[in-house]
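See structure below.
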Amino acid sequence: MFNILIVRSAPIQQLDASLSKIKQKFDNPDISILSHEHAIKLLNKYECINKCITYPFKESFDVSRKAKFDDGESFDHAIVMVGNLSGCGFQNVLFFALTLPVRKIWICNLIGEITQISRAGIILKSIRNQAFKFLALLSTAVFSVVAFPFLFCFLKCKSSSSV
């Protein structure tokens with residue numbers, strides 16, 4: 001039996017849709033869930049969740065704000081709920097998962113696809129995403145420098161010909 005920690009970083013509806021797939025993938029695991037305080041009361045009603053752990057901060061999951069666990073408590077797997085398998089928009093939660101006492105980290109998207117991600121993979125995806133952001137910013141800047149003079153000339157010619 002696997003000891004699993006789910007990091008609830010997505011809506012509870014996504015958790016509802018994914019719990020059966022998680023139980024199926026890990027063959028009836030012992031499930032604990034880490035969530036913000038406002039959701040704990042609702043999560044305690046789930047029969048398949050053995051332990052609800054309150055994240056002690058109101059802010060989002062962050063590598064600098066660590067969760068508190070019982071002494072020596074560790075997990076076989078951590079499952080991070082994300083919107084898509086690329087993890088875009090959930091980098092803070094993925095980096096937070098690096099601080100958890102777990103052997104393996106998995107991501108689970110909206111439709112319940114569960115994929116393992118290595119610790120190095122989290123860092124590399126973050127670097128890749130930052131590189132794409134930089135390239136998008138750079139290409140926008142280059143396009144603007146080229147396009148605005150043409151746009152200005154076009155509008156000037158258009159306004160002078162219609163007068």
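What you see below is based on every heavy atom in this structure, not just the backbone, and it leaves out hydrogens, waters and symmetry mates. We're numbering straight along the sequence, starting at 1.
Distance check, rounded to the nearest 0.5 Å: OG of Ser18 to CD of Glu113 gives 10.0 Å. Here Gln13 contributes atom CD and Leu110 contributes atom CG; the two are 11.0 Å apart, rounded to the nearest 0.5 Å. Between atom CD1 of residue Ile117 and atom CH2 of residue Trp106 there is a gap of 11.5 Å, rounded to the nearest 0.5 Å. With rounding to the nearest 0.5 Å, the separation of CG in Leu5 from CG in Leu34 is 5.5 Å. Within the model, atoms CD1 of Ile12 and CG of Leu43 stand 4.5 Å from one another, a figure rounded to the nearest 0.5 Å. Distance check, rounded to the nearest 0.5 Å: CD1 of Ile22 to CD1 of Ile4 gives 7.0 Å.
Of all non-hydrogen atoms in Lys58 and His36, the two that sit nearest each other are O-CD2, 3.8 Å. Here the closest non-hydrogen pair linking Ala97 and Arg119 is O-NH1, 4.3 Å. Between Gln91 and Ile122, the closest heavy-atom pair is NE2-O, 3.8 Å. Looking at every heavy atom in both residues, Phe69 comes nearest to Pro101 through CE1-CD, 3.7 Å. Shown here for Lys23 and Pro29, the closest heavy-atom pair between the two residues is CA-CD, 3.6 Å.
One N or O on the side chain of Arg8 and one on the backbone of Ala10 form a donor-acceptor pair closer than 3.5 Å. The main-chain N or O of Cys108 is never found under 3.5 Å from a side-chain atom of Lys21 such that the two would form a donor-acceptor pair. Under the 3.5 Å distance criterion, the side-chain polar atoms of Arg65 are matched with a main-chain donor or acceptor of Ser60. Using modelled atom types, one side-chain atom of Asn109 and one backbone atom of Gly112 make a donor-acceptor pair closer than 3.5 Å. With Asn3 contributing its side chain and Ser74 its backbone, the two residues share a donor-acceptor pair below 3.5 Å.
With contacts defined as side-chain heavy-atom distances shorter than 4.5 Å, the pair Leu98/Val63 does not qualify. Between Lys104 and Ile79, every side-chain heavy-atom pair lies at or beyond the 4.5 Å cut-off. Ser35 places none of its side-chain heavy atoms less than 4.5 Å from the side chain of Thr54. Side-chain contact between Ile105 and Gln116 is absent, with no heavy atoms from C-beta onward closer than 4.5 Å.
Residues Ile49 and Ile53 do not share a hydrophobic cluster, defined by chaining ILVMFWY side chains whose heavy atoms lie under 4.5 Å apart. When hydrophobic clusters are built by joining Ile, Leu, Val, Met, Phe, Trp and Tyr residues whose side-chain heavy atoms come closer than 4.5 Å, directly or via intermediates, Ile33 is grouped together with Tyr46. No continuous path of ILVMFWY side-chain contacts below 4.5 Å connects Leu155 to Phe143, so the two sit in separate hydrophobic clusters. Hydrophobic cluster membership is shared by Leu100 and Ile123, with clusters built from Ile, Leu, Val, Met, Phe, Trp and Tyr side chains linked at under 4.5 angstrom. Met81 and Ile40 fall into different hydrophobic clusters, where Ile, Leu, Val, Met, Phe, Trp and Tyr residues are linked whenever their side-chain heavy atoms come under 4.5 Å apart, directly or through other members.
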task = Show your working on side chain to side chain contact (heavy atoms under 4.5 Å, CB included) between Ile114 and Gln24 and close with a plain yes or no.
result = CA-CA 11 Å; Ile114 303 168; Gln24 186 178 32; over 6 Å; no

key: Trace of the side chain to side chain contact (heavy atoms under 4.5 Å, CB included) decision for Ile6 with Ile31   = CA-CA 7 Å; Ile6 298 174; Ile31 298 176; 3.7 Å; yes

key: Verdict with reasoning, Arg103 to Phe75, per side chain to side chain contact (heavy atoms under 4.5 Å, CB included)   = CA-CA 7 Å; Arg103 288 190 308 127; Phe75 302 90; over 6 Å; no

ask   = Do Asp62 and Phe57 pass the side chain to side chain contact (heavy atoms under 4.5 Å, CB included) test, and can you show the C-alpha distance, the side-chain angles, and the key distance before you say yes or no?
value = CA-CA 10 Å; Asp62 189 271; Phe57 303 97; over 6 Å; no

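Under the 30°/60° scheme for interplanar angles, the aromatic rings of Phe2 and His77 are found to stand perpendicular. Aromatic ring pairs are classed by plane angle as parallel below 30°, tilted from 30° to 60° and perpendicular above 60°; the pair Tyr55 and Phe96 is perpendicular.
Residue Glu73 places its CD atom among more than 12 non-hydrogen atoms of other residues, nucleotides or ligands, all under 6.0 Å distant.
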